*Asks:* 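Have a look at this one before I ask anything.
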Amino acid sequence: PEGKVTPATKEQIKRRKDWASEKYPEIEVKFVDKLKSNSEGREVLGELVGHTAKIVKGKAPADAIPHEIVHHVFNVLEAINTPEAKKLMNQSIRAFESKENAVIRIGELVSGRLEKGLVPKAKAWLKRFNIFLKNLFGTPLKTKDADFLLSEIVYKRKGIPAAVSKKSF
């Protein structure tokens, strides 16, 4: 982490752990005393190892659990490796300038700490990811999902003809 890190409160830890257990039951959240420093010698407060999110107790910030879960999400996209999954990865990198920045920002969004100006970008990306998963598993889209996709098409003017011919009466 860069700068001063405010450790998560017990309430924040409980809320994030409950969220992770409900939304990502395949990921075990494990609290540890310490993790190995990174290659630059900086302290690491959370890491994803396989299907275990290891979090340093008493030191990790409120977004540590969501941050590690988002790493899992990106690992899933890389494993799926379809054109749609690659497109989602590229969209996040374009929006946030790097994969790690995307992981940081989306983790901050989940924990309610994302700066206001980035919230729409992160929410839109999460919405596209959820729609991607629904399509992947054949789950019908809800009206709000279809509305979101339609609004993106209209906004980007993708697939909308430039001119309409006159009808003959």
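Hydrogens, waters and symmetry mates are skipped; everything else that's a heavy atom, side chains included, is used. Source: prediction; values computed, not measured.
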*Asks:* CG/Asn75 to CD1/Ile69 distance, rounded to the nearest 0.5 angstrom?
*Replies:* 11.0 Å
*Asks:* At what distance, to the nearest 0.5 angstrom, does CG of Leu77 lie from CD of Glu84?
*Replies:* 11.0 Å
*Asks:* Taking the side chain as everything from C-beta on, heavy atoms only, tell me whether Leu88 gets closer than 4.5 Å to Trp125.
*Replies:* yes
*Asks:* Between Glu108 and Arg105, is there a salt bridge with N-O shorter than 4.0 Å?
*Replies:* yes
*Asks:* Between Gln91 and Arg128, is any pair of side-chain heavy atoms under 4.5 Å apart?
*Replies:* yes
*Asks:* Take Lys57 and Val32, measure what side chain to side chain contact (heavy atoms under 4.5 Å, CB included) needs, and give me the verdict at the end.
*Replies:* CA-CA 6 Å; Lys57 59 184 165 191; Val32 298; over 6 Å; no
*Asks:* Looking at Leu48, is its backbone amide N or carbonyl O close enough to the side chain of Glu68 to form a donor-acceptor pair, meaning the two atoms are under 3.5 Å apart?
*Replies:* yes
*Asks:* Is there a continuous path of hydrophobic side-chain contacts, each under 4.5 Å between heavy atoms, that joins Ile104 to Val5?
*Replies:* no
*Asks:* Any side-chain heavy atom of Phe132 sitting closer than 4.5 Å to one from Lys87?
*Replies:* no
*Asks:* Could you check Glu100 against His71 for side chain to side chain contact (heavy atoms under 4.5 Å, CB included), going step by step and ending with a plain yes or no?
*Replies:* CA-CA 9 Å; Glu100 186 60 24; His71 272 297; 3.0 Å; yes
*Asks:* Is the side chain of Asp63 donor-acceptor paired with the backbone N or O of His67 at a distance under 3.5 Å, no angle test?
*Replies:* no
*Asks:* Minimum heavy-atom separation for Pro120 to Gly117, with atom names?
*Replies:* CD-O, 3.8 Å
*Asks:* Can you see which heavy atom on Ala85 is nearest to which on Asn81, and at what distance?
*Replies:* CB-N, 4.1 Å
*Asks:* Check whether any side-chain heavy atom of Ile13 lies under 4.5 Å from a side-chain heavy atom of Phe31, and answer yes or no.
*Replies:* yes
*Asks:* In terms of hydrophobic clustering (I, L, V, M, F, W, Y; side-chain heavy atoms under 4.5 Å; direct or indirect links), are Val76 and Val103 co-clustered?
*Replies:* yes
*Asks:* Does CD in Glu97 sit with more than 12 non-hydrogen atoms of other residues, nucleotides or ligands closer than 6.0 Å?
*Replies:* no
*Asks:* Just do the side chain to side chain contact (heavy atoms under 4.5 Å, CB included) check on Glu78 and Met89 with the steps written out, would you?
*Replies:* CA-CA 8 Å; Glu78 287 172 349; Met89 294 282 293; 3.4 Å; yes
*Asks:* Backbone N or O of Thr9 within a donor-acceptor pair of the Gln12 side chain at under 3.5 Å?
*Replies:* yes
*Asks:* If I take atom CG from residue Leu109 and atom CG from residue Leu118, how far apart are they, to the nearest 0.5 angstrom?
*Replies:* 10.0 Å
*Asks:* Taking all non-hydrogen atoms of both residues, which atom of Gly107 and which atom of Pro66 are closest, and how far apart?
*Replies:* O-CB, 3.7 Å
*Asks:* Is there a path from Tyr24 to Ile80 through hydrophobic residues (I, L, V, M, F, W, Y) whose side chains come within less than 4.5 Å of each other?
*Replies:* yes
*Asks:* Given His72 and Glu26, is the side-chain hydrogen bond (donor to acceptor under 3.5 Å, both in side chains) satisfied, shown in steps?
*Replies:* CA-CA 10 Å; His72 170 68; Glu26 71 276 17; 3.1 Å; yes
*Asks:* Are any of the side-chain nitrogens in Lys59 or Glu43 under 4.0 Å away from the carboxylate oxygens of its partner?
*Replies:* yes
*Asks:* Quick one: pull up OG in Ser92 and CG in Leu126 and give me the separation to the nearest 0.5 Å.
*Replies:* 10.5 Å
*Asks:* What's the shortest heavy-atom distance between Val44 and Lys36, and which atoms?
*Replies:* CG2-O, 3.4 Å
*Asks:* Would you confirm whether Lys54, through its side chain, and Gly46, through its main-chain N or O, come within 3.5 Å as a donor-acceptor pair?
*Replies:* no
*Asks:* Can you name the side-chain contact (heavy atoms from CB on, under 4.5 Å) partners of Ser37, sequence neighbours left out?
*Replies:* none
*Asks:* Would you indicate whether the side-chain heavy atoms of Val56 and Lys34 approach each other to under 4.5 Å?
*Replies:* no
*Asks:* Is any side-chain heavy atom of Ile55 closer than 4.5 Å to a side-chain heavy atom of Val29?
*Replies:* yes
*Asks:* Roughly how far, to the nearest 0.5 Å, is the CG atom of Leu114 from the NZ atom of Lys123?
*Replies:* 10.0 Å
*Asks:* Given the rule that I, L, V, M, F, W and Y join up when any side-chain heavy atoms are under 4.5 Å apart, are Val73 and Leu136 in one cluster?
*Replies:* yes
*Asks:* Do you reckon Val49 sits in the same ILVMFWY cluster as Phe74, going by side-chain contacts under 4.5 Å, direct or chained?
*Replies:* no
*Asks:* Distance check, rounded to the nearest 0.5 Å: Asp18 atom CG versus Lys14 atom NZ?
*Replies:* 3.5 Å
